[in-house]
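Right, one structure below, let's go through it.
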There are 2 protein chains.
Amino acid sequence: MTEPIPAPPWQTPKKPPPRQPLSQDLIVQVALRILDAEGLDALSMRRLAQELETGPASLYAHVANKDELLDLVYDTVLSEVEIPVPDPDRWPEQVKEYLRSLRTVFRSHRDLARVSISRIPLGPNGVVGMERTMALMRAGGLPDDIAAYAGDLLASFVTTETLDDAFPAGGTDPATPRAYAAQIRSYLTSLPVDRFPNLVHMAGPITSLDSERRFELGMEIIVRGLSTYARPAGQDSSAGSG
Amino acid sequence: MTEPIPAPPWQTPKKPPPRQPLSQDLIVQVALRILDAEGLDALSMRRLAQELETGPASLYAHVANKDELLDLVYDTVLSEVEIPVPDPDRWPEQVKEYLRSLRTVFRSHRDLARVSISRIPLGPNGVVGMERTMALMRAGGLPDDIAAYAGDLLASFVTTETLDDAFPAGGTDPATPRAYAAQIRSYLTSLPVDRFPNLVHMAGPITSLDSERRFELGMEIIVRGLSTYARPAGQDSSAGSG
DNA sequence: ACCTGAACACCGTTCAAGT
DNA sequence: ACCTGAACACCGTTCAAGT
């Protein structure tokens, strides 16, 4: 009811932390923070605006729409991926190093795999990544068309394999996924053996691979498949005189 | 203002087409029709209710929530997938037949690939499909753990490869994807050669594979990789006496 | 040029009330 | 048991108006 007493002039008004002026960079940065902390479902234009202490409409001066924002977030994160400088002698191992780094980055930003789906990374970092990936693929002695496709196939593999274990990288609670796996296993085991002999037999193997081993196995399968396309060393067309 | 004149009793009231009573089956069926015709973004609970001439709340008597609805839709469609009865001599070819069928089904229901993402198909049709898939995988002489994982890997492959060409199967307009590819190619070609030698070199191969050839190539790569894990025939453990 | 409030046209889900 | 209207707590985006 009573009017609040105005602050005396000698009191430094506790200025609200001098809100940084809006910019595309800042918007992307805060969006990434929300993504990391709370995931894609929590990242709305309105929530983002709130975090930036402004209204949702203000964002559209710096970003065309939500889709473009996600493009920018995705590209930003791609700077963290480490891609080995090709050493043809270590090709299979280097491919795996690249994929492991990609996985680590995907796992360290919540829901990034979901963001990456059907997004072609053509931003500044994405393009640099693609250049290095192509360099690496070609070092395996793959024909150009196979090398080109291999880049896509491998990245898609990491995406799908990362989609499910959406918990943060430092995830210390293996209980939840394991409990879920156990639940599925017991369901499969409970099926009538005469109609589902293979499912009953395979209930164990189907549910017992953890995400780490799935990933390592998947990499190995694809790399072996790709290796069958490699030209024998010494016939590397890019090594000849130009 | 004036009261409408009541219809005379002798006039057969043009009964609104005797709306079928709500049921889970009907709801799933109509949901699939919306999906096919207009895609996942058009499939909202409200829109679905409207199509069924009822309110959104009514759906929740038959379906727990939207996620469960999508589970049901996905399972329904899985009945269309054809999985060969295993013939070990034709293993690689049969795996491909299965994958091609899966792709056809995914492509003939708009956005089904998106629906399938991070959904484990444990409904009645899904479980039958899984049983047959496991039978097929094992026929290749793969160790159980490899066979189990192979099922996932191959299905994920089809999903991602189907995600992008989201146009209907009968798609007669190859212009759009090709135009997009051409756009990317010209962008890649325009990059500075000294910093992006591999991208410039690979611009052609990267953008010239159509979805059909990508799919065939991807299958071949993975199947070759899997084949390296096959036990030699005659050592098939499941064939021995029990 | 940048920012804003208000509005438009939507969402999924719940809940008390009806039959 | 099934269905309903109304409400709750949200969405992305646009637009006229302000500075």
Side-chain angles (χ1 to χ4, degrees), chain A residues 15-74 110-112 114-119 166, chain B residues 15-74 110-112 114-119 166:
Chain A
K15 41 187 166 194
R19 179 168 76 86
Q20 283 182 258
L22 237 38
S23 72
Q24 195 182 76
D25 261 22
L26 182 64
I27 290 173
V28 169
Q29 194 181 307
V30 172
L32 183 56
R33 207 166 61 208
I34 295 175
L35 207 60
D36 285 354
E38 304 175 48
L40 187 56
D41 293 335
L43 177 55
S44 68
M45 296 302 272
R46 299 176 107 99
R47 169 69 197 288
L48 178 54
Q50 185 185 309
E51 210 87 0
L52 288 158
E53 293 175 279
T54 180
S58 304
L59 304 176
Y60 289 84
H62 301 92
V63 137
N65 48 41
K66 192 178 180 179
D67 194 61
E68 183 182 296
L69 171 66
L70 292 178
D71 275 342
L72 293 166
V73 167
Y74 185 35
R110 208 186 344 166
D111 281 344
L112 195 71
R114 274 171 70 194
V115 171
S116 81
I117 282 178
S118 54
R119 226 170 269 284
Chain B
K15 41 188 165 190
R19 179 167 77 85
Q20 282 182 260
L22 237 38
S23 72
Q24 195 182 76
D25 262 21
L26 182 63
I27 290 173
V28 169
Q29 193 182 307
V30 172
L32 183 55
R33 208 167 59 208
I34 296 176
L35 207 60
D36 285 353
E38 303 174 49
L40 186 56
D41 293 335
L43 177 56
S44 69
M45 296 303 271
R46 299 176 108 98
R47 170 68 196 288
L48 178 54
Q50 185 186 310
E51 210 88 0
L52 288 158
E53 294 175 277
T54 181
S58 304
L59 305 176
Y60 289 84
H62 301 91
V63 137
N65 49 40
K66 192 179 181 179
D67 194 61
E68 184 183 294
L69 171 65
L70 292 179
D71 275 342
L72 292 166
V73 167
Y74 184 35
R110 186 136 67 122
D111 282 344
L112 194 73
R114 274 171 70 194
V115 172
S116 81
I117 283 176
S118 55
R119 224 170 271 285

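What you are looking at is a predicted structure, and each value in this text was computed from that prediction instead of being measured. Proteins come first, then strands; the chains are lettered A, B, ... in the order of their sequence lines, and each starts at number 1.
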Can you tell which of C/dC3, D/dT13, D/dC3 lies closest to the side chain of A/L22?
C/dC3

Does B/H62 have a side-chain nitrogen or oxygen under 4.0 Å from the phosphate oxygens OP1 or OP2 of D/dA1?
no

From C-beta outward on A/Y60, which listed nucleotide comes closest to its side chain: C/dT14, D/dT13, C/dC11?
D/dT13

For the side chain of B/S44, counting heavy atoms from C-beta on, which of C/dT14, C/dT13, C/dG12 is nearest?
C/dG12

Indicate the atoms forming the closest heavy-atom contact of A/V73 with A/A31, along with that distance.
CG2-CB, 4.0 Å

For atom CZ of B/R47 and atom C1' of C/dG12, their distance in whole Å:
16 Å

Between A/A37 and A/R110, the two heavy atoms sitting closest are O-NH2, 3.2 Å

Nucleotide nearest A/A57 (side chain, heavy atoms from C-beta), chosen from D/dT14, D/dG12, C/dC11:
D/dT14

Rounded to the nearest Å, what distance is computed from the CG atom of residue A/N65 to the P atom of nucleotide D/dC11?
17 Å

From the set C/dG12, D/dG12, D/dA6, return the single nucleotide nearest to any side-chain atom of A/R46.
D/dG12

To the nearest 0.5 Å, how far apart are OG1 in B/T54 and CD1 in B/I27?
8.5 Å

Watson-Crick or G-U wobble mate for D/dG5, both contacts under 3.5 Å
C/dC15

Nearest to the side chain of A/S58 - C/dC3, D/dT13, D/dT4?
C/dC3

My understanding is that a pair needs two contacts under 3.5 Å, Watson-Crick or G-U wobble. By that rule, which nucleotide pairs with C/dC10?
none

Select from B/S23 and B/P56 the residue whose nearest nucleotide in DNA chain D is closer to the 5' end of that strand.
B/S23

Enter the distance from A/D67:CG to A/R119:CZ here, rounded to the nearest 0.5 Å.
4.5 Å

